[in-house]
Asker: 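Sending over a structure as structure tokens; questions will come in a sec.
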Amino acid sequence: MYCAPAPTAAEGAPQPDAGPPWAECVLCREPTEYPESTKGITLCPVCEWREAERTACSG
């Protein structure tokens, strides 16, 4: 099974808009789509995508 690489910011990965302070990704420390008040593990769109790929392609 082949998994395509995750999109980069230059390729159109979603970037958070200006607004409330955004939580940092726990893996790469980039801004996420979640406000700082979000509890639990927060991942940026790229790391979320890679985590989904990793779990989907692990078998």
Side-chain angles (χ1 to χ4, degrees):
M1 177 182 274
Y2 173 77
C3 292
T8 63
E11 294 172 343
Q15 296 296 315
D17 297 330
W22 302 105
E24 285 186 342
C25 176
V26 296
L27 299 177
C28 68
R29 305 193 49 91
E30 289 293 320
T32 67
E33 297 177 332
Y34 306 103
E36 283 183 346
S37 61
T38 303
K39 295 185 192 261
I41 297 173
T42 55
L43 299 174
C44 70
V46 173
C47 290
E48 279 185 12
W49 182 273
R50 289 183 178 153
E51 182 67 16
E53 276 186 329
R54 186 184 67 75
T55 57
C57 296
S58 65

Asker: Give the minimum heavy-atom separation between W22 and E33, together with the two atoms involved.
Answerer: CZ3-O, 3.3 Å
Asker: May I ask you to say whether R50 pairs ionically with E53, meaning some side-chain N is under 4.0 Å from a carboxylate O?
Answerer: no
Asker: Could you give the distance from CD1 (I41) to CG (L27), rounded to the nearest 0.5 Å?
Answerer: 8.5 Å
Asker: Tell me the closest heavy-atom pair linking P31 and P45, and the distance in Å.
Answerer: O-CD, 4.4 Å
Asker: Taking all heavy atoms of C25 and all of L43, pick out the closest pair and write down the distance.
Answerer: SG-CA, 3.8 Å
Asker: Mind checking the CD-SG spacing from E24 to C44? Nearest 0.5 Å is all I need.
Answerer: 11.0 Å
